Number of protein chains: 2
Amino acid sequence: MDTADEVRLDAPHRELLDQILDKWSLAVLNELCERPCRFNELRRAIPQVTQKSLTATLRRLERNGVIDREVVSTRPVAVRYRITPLGKTLRHPVDVLLAWTARHLPAIERAREEFDERDAGSRTGPQT
Amino acid sequence: MDTADEVRLDAPHRELLDQILDKWSLAVLNELCERPCRFNELRRAIPQVTQKSLTATLRRLERNGVIDREVVSTRPVAVRYRITPLGKTLRHPVDVLLAWTARHLPAIERAREEFDERDAGSRTGPQT
DNA sequence: CGGTATCCTTAAAGATACTG
DNA sequence: CAGTATCTTTAAGGATACCG
């Protein structure tokens, strides 16, 4: 027997995925894969994110070593965010994942509709 | 110009990932990839999950068409959860992702330590 | 410009009790 | 056995204001 199942879904792995695949991280990583960005460039590129959430996302990604933060002490201060080599290695797994969603989203939307219809029917109660 | 960036991170895709890669879904999918399971088998297999969260996770996965739920009207009732063909297609992207975490977790833990040290230092303030 | 700090609202998670 | 219902606690998210 092997411990693969345990290892694969161990707390540290789950926690890592939570930190890197959360609501805004993919969008940020995607931007920074294209080019280095300043804080407000990222805000403009991802209009729905609030300043607070963007800051939190950037700190988390920085802490995990997938992006880095360079403070340029001009006046006023400029901050440049960049993807790190480690961050670049994320591209492939993320691409595979997004390829899956792109490919199967239609089937999933059909499944949802069917489920919701069954569910509506079961609330009404089936006929004799 | 292409719309790849927009498409890749469109709301439906993000939402889908949120529903399928959430806290407990990976663990459930992993179990069900091995074998069909009953509700309480899953509870035992994933000891930290509460009954409420497990129910919610199973419903969500069922709604998205990646698992199915069969009620065996014995006495008392038995419920069998199974992975669907669509659910099986998730295995590859998830494996790629977990391979990434397995490979890079050490580097990430180093990055975290370095970050936390820098952070602690900046709170204390650097010496003259 | 690039943030912190604060307050407030809401949504998710946990504990407990009960049911077909 | 496999849930639902309810209540409570916790944490995430947004709005606003201010600072180096």
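Predicted model only: the values in this text are computed from it and were never measured.
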Fill in the blank from the handout: Residues in residues 39-49 of chain A with a heavy atom under 4.0 Å of DNA chain D, by number, are none

Exercise for the section: List in numerical order all residues of residues 50-63 of chain B for which some heavy atom is under 4.0 Å away from an atom belonging to DNA chain D. Expected result: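 Contacts with DNA chain D under 4.0 Å: B:Gln51, B:Lys52, B:Thr55, B:Arg59.
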
Exercise for the section: Give a yes/no answer on whether the side chain of B:Arg38 brings an N or O atom under 4.0 Å of OP1 or OP2 in D:dA2. Expected result: yes

Exercise for the section: Would you indicate, yes or no, if C:dC1 has its OP1 or OP2 atom less than 4.0 angstrom from a side-chain nitrogen or oxygen of A:Tyr81? Expected result: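 It does not, given that no N or O in the side chain of A:Tyr81 lies less than 4.0 Å from OP1 or OP2 of C:dC1.
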
Exercise for the section: Enter the inter-axis angle for the ends of the helix from C:dC1-D:dG20 to C:dG20-D:dC1 (five pairs per end, rounded to 10°). Expected result: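 The value is 50°.
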
For [X] against [Y], the heavy-atom pair lying closest together:
X: A:Arg38; Y: A:Glu41; result: N-OE1, 2.8 Å
X: B:Leu86; Y: B:Asn64; result: CD2-O, 3.8 Å
X: B:Gln51; Y: B:Phe39; result: O-CZ, 3.9 Å

Practice task
Please list all pairs passing the salt bridge (charged side-chain N to carboxylate O under 4.0 Å, His left out) test where one or both residues lie in residues 68-77 of chain B, with sequence neighbours left out.
Solution key: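 Every pair satisfying salt bridge (charged side-chain N to carboxylate O under 4.0 Å, His left out) with a residue in residues 68-77 of chain B: B:Asp68-B:Arg82.
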
Problem - Distance in Å, A:Trp100 CH2 paired with B:His13 NE2, rounded so as to fall on 0.5 Å steps - result: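 Rounded to the nearest 0.5 Å, the CH2-NE2 separation comes out at 11.0 Å.
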
Problem - Gap between atom CD1 of A:Ile108 and atom CD of B:Gln19 - 0.5 Å precision - result: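 So the gap between those two atoms works out to 9.0 Å.
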
Handout entry: Salt-bridge present (B:Asp18, B:Arg14; N to O < 4.0 Å)
Key =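 B:Arg14 and B:Asp18: salt-bridged.
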
Practice task
Would you please name every residue forming a side chain to side chain contact (heavy atoms under 4.5 Å, CB included) with A:Asn40, sequence neighbours left out?
Solution key: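 Result, side chain to side chain contact (heavy atoms under 4.5 Å, CB included) vs A:Asn40: A:Arg43, A:Arg44.
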
Handout entry: Contacts of A:Ala56 that satisfy side chain to side chain contact (heavy atoms under 4.5 Å, CB included) - sequence neighbours left out
Key =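 Not a single residue meets the side chain to side chain contact (heavy atoms under 4.5 Å, CB included) criterion with A:Ala56.
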
Practice task
Please indicate whether A:Arg59 has more than 12 foreign heavy atoms, meaning atoms of other residues, nucleotides or ligands, lying under 6.0 Å from its CZ.
Solution key: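 Atom CZ in A:Arg59 is crowded, with more than 12 foreign heavy atoms closer than 6.0 Å.
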
Exercise for the section: May I ask you to say what B:Arg69 touches in the nucleic acid, namely base, sugar-phosphate or nothing, with a heavy-atom cut-off under 4.0 Å? Expected result: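 Sugar-phosphate contact only.
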
Exercise for the section: With heavy atoms under 4.0 Å as the rule, sort B:Arg75 into base, sugar-phosphate or nothing. Expected result: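 Nothing, no nucleic acid heavy atom in range.
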
Exercise for the section: Select from A:Val77 and B:Val77 the residue whose nearest nucleotide in DNA chain C is closer to the 5' end of that strand. Expected result: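 Between the two, 5'-proximity favours A:Val77.
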
Handout entry: Atom pair distance, as rounded to whole Å: NZ in A:Lys23 and C1' in C:dT10
Key = 12 Å

Handout entry: Interatomic distance, A:Asp22 CG vs C:dA11 C1' [rounded to whole Å]
Key = 17 Å

Problem - Result of checking A:Ile83, A:Val96, A:Leu29, A:Asn30 against A:Arg91 for side chain to side chain contact (heavy atoms under 4.5 Å, CB included) - result: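 That would be A:Asn30; it is the only one of A:Ile83, A:Val96, A:Leu29, A:Asn30 passing the side chain to side chain contact (heavy atoms under 4.5 Å, CB included) with A:Arg91.
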
